[in-house]
Structures are given as structure tokens and as C-alpha cells.
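As the structure lists them, so they are numbered: ligands from 1, and atoms in each ligand from 1. Worth knowing before you read on, the calculation uses all heavy atoms, side chains too, and leaves out hydrogens, waters and symmetry mates.
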Amino acid sequence: MWRDLKQDVERILLTEEQIKERVAQLAARIDEDYHNAEGKLVLLCILKGSVVFMADLMKAMRLPVDIDFMKVSSYGTGTRSSGSVQILLDLHRTDLADCNIIIVEDIIDSGRTLSHLSDYLKLKGVRSVRTCTLLDKPERREVIFTPDYIGFTIPDEFVVGYGLDYNEAYRELPFVGVLRPSVYAKELVEERDEK
Ligand code: IMP
Ligand code: MG
């Protein structure tokens, strides 16, 4: 049953302390930006990867918030994105016109998930929408999208931990680390063979 997940991590990219410090800065920025805003502030967690980040962010904030959840699938399995965004769990609120929503994401890669979700929420008639991501991989962008709040800009490497997974594993690691390529070597071979 016991397995040391850390041994699958090639190197730690962001330590617990670095993340904590940055989350506190983001929380302070959001508090400042919204303290005079009319309407409700809603932190919208995109399941499952953003659970850890959002829990820490809301605890570090001083403004009162509502929380809500949506689930989308854009990544398919493993390290490859499927390209299309599908809503698996929707937002069911009757007060959307009163809501200032901040979409909380773990990472932006192609940009498809956040660009699709922001457009979707605007069409639903929310009062305002902004986006907050812990990690940004700008090199991988396929659609033009700039989040409002970014924790860290990182290079194009597959990372896990602090909520982020590889095939549902590693989410519980308290830091963000680069996964050893040997862990997904089989997938890389399949990818090469498909080309
Ligand atoms: P996008 O729609 O391509 O921007 O994809 C964003 C989603 O892809 C994130 O919410 C993650 O679920 C997933 N993702 C992208 N890069 C990574 C990574 O390095 N590790 C884990 N998940 C990732
Ligand atoms: Mg995700």
C-alpha cells in the first residue's frame, strides 16, 4: 500500500514555502481589487486540480467569498490535451447577475479551458469574470489568453503535486515537481508511433 511518490519526481520546481508566500501575495491582490466591488465574490474552483490551491487561497484572503465548483475535461488522459473542452459539472446558481466570479485554475497550458469557461460564464450573464491560475506555461498556448492573476510562470515541463496529477496520481504532494519522464515513457513511445 505504502509508496513514496517523491521518488517519481525528478526535481522540485516550487517548494511548499514558495507556494505559500506567493498564494498570500495573490490573496492580498485580490482582496485589494475587490474590496469595493458591488455584488458577491465567488471563487470558482475547476475540479479536480485546483482544489488544493483554492483552499489555500481562500484561507489567505480577508474578503468574504462564496465558493463553487465546475468540472471540465480537456486533457483526456496522461500528458496530452484532447483539444476540446467539455463541461462535466455545471454551475447552478440563480444569482449569477450578482456574481463577480474568479475562476481558479491549477495551470494554463493551451489556454483552451480558461478561454472557453470565461466566454461561457459571460454568456450566462455573470456580473464579471476574472481568472486566477497558480501556474502558467505560456510556451504551450494554442489560443490567445492572458489570465488576470498568475502565481508562477513555468517552463514547458509536465508537473505534478499541489493538486496537479498524472493519471489521477500525485495530487497530494505538498510541492510542485517535475515528473520523471520514465513515469510516462510508455506514453511517449505511443505518441511517437502515432506520428
Ligand atoms: P489547457 O486547457 O490546455 O490550458 O489545459 C489546462 C489543464 O490541463 C489543466 O487544468 C490541467 O488539468 C492540465 N495540465 C496541463 N499541463 C499540466 C501539467 O504539467 N501537469 C498536470 N496537468 C496539466
Ligand atoms: Mg485541471
Relative to the heavy atoms of [X], which atoms of ligand 1 are at a distance of less than 4.0 Å?
{"X": "Glu157", "value": "19 (O)"}
{"X": "Asp106", "value": "9 (C), 10 (O), 11 (C), 12 (O)"}
{"X": "Thr113", "value": "1 (P), 2 (O), 5 (O), 6 (C)"}

Query - Option whose closest heavy atom lies nearest to atom 3 (O) of ligand 1, chosen from Ser110, Gly111, Ser115, Ser73 - result: Ser110

Query raised in the report: CD1 of Ile101 to CG of Asp68: how many Å apart, nearest 0.5 Å?
Result: 7.5 Å

Query - Value rounded to 0.5 Å, distance of CD in Glu16 from OH in Tyr162 - result: 9.0 Å

Query raised in the report: So, Arg171 side chain and Gly163 main chain: donor-acceptor pair closer than 3.5 Å or not?
Result: yes

Report task. Could you tell me whether the side chain of Thr131 and the main chain of Asp148 form a donor-acceptor pair under 3.5 Å? Result -> yes

**Report entry** Arg180 atom CZ: more than 12 heavy-atom contacts under 6.0 Å
**Finding:** yes

Query - Flag if over 12 foreign heavy atoms under 6.0 Å of CD, Glu21 - result: no

Does [X] have a non-hydrogen atom less than 4.0 Å from ligand 1?
{"X": "Arg140", "value": "no"}
{"X": "Ile107", "value": "yes"}
{"X": "Asp165", "value": "yes"}
{"X": "Gly49", "value": "no"}
{"X": "Glu142", "value": "no"}

Requested in this report: Compute the shortest N/O to N/O distance between Leu114 and ligand 1 and return yes if it is under 3.5 Å, no if not.
Outcome: no

**Report entry** Polar proximity ligand 1 side, Leu164 side, N/O cut 3.5 Å exclusive
**Finding:** no

Query - Residues Arg29, Tyr149; criterion side-chain hydrogen bond (donor to acceptor under 3.5 Å, both in side chains); working and verdict - result: CA-CA 9 Å; Arg29 277 259 319 276; Tyr149 305 97; 5.1 Å; no

Query - Close side-chain approach of Arg130 and Tyr34, heavy atoms under 4.5 Å - result: yes

Query raised in the report: Side chain, backbone, both or neither: which part of Glu105 comes within less than 4.0 Å of ligand 1 when only heavy atoms are counted?
Result: side chain

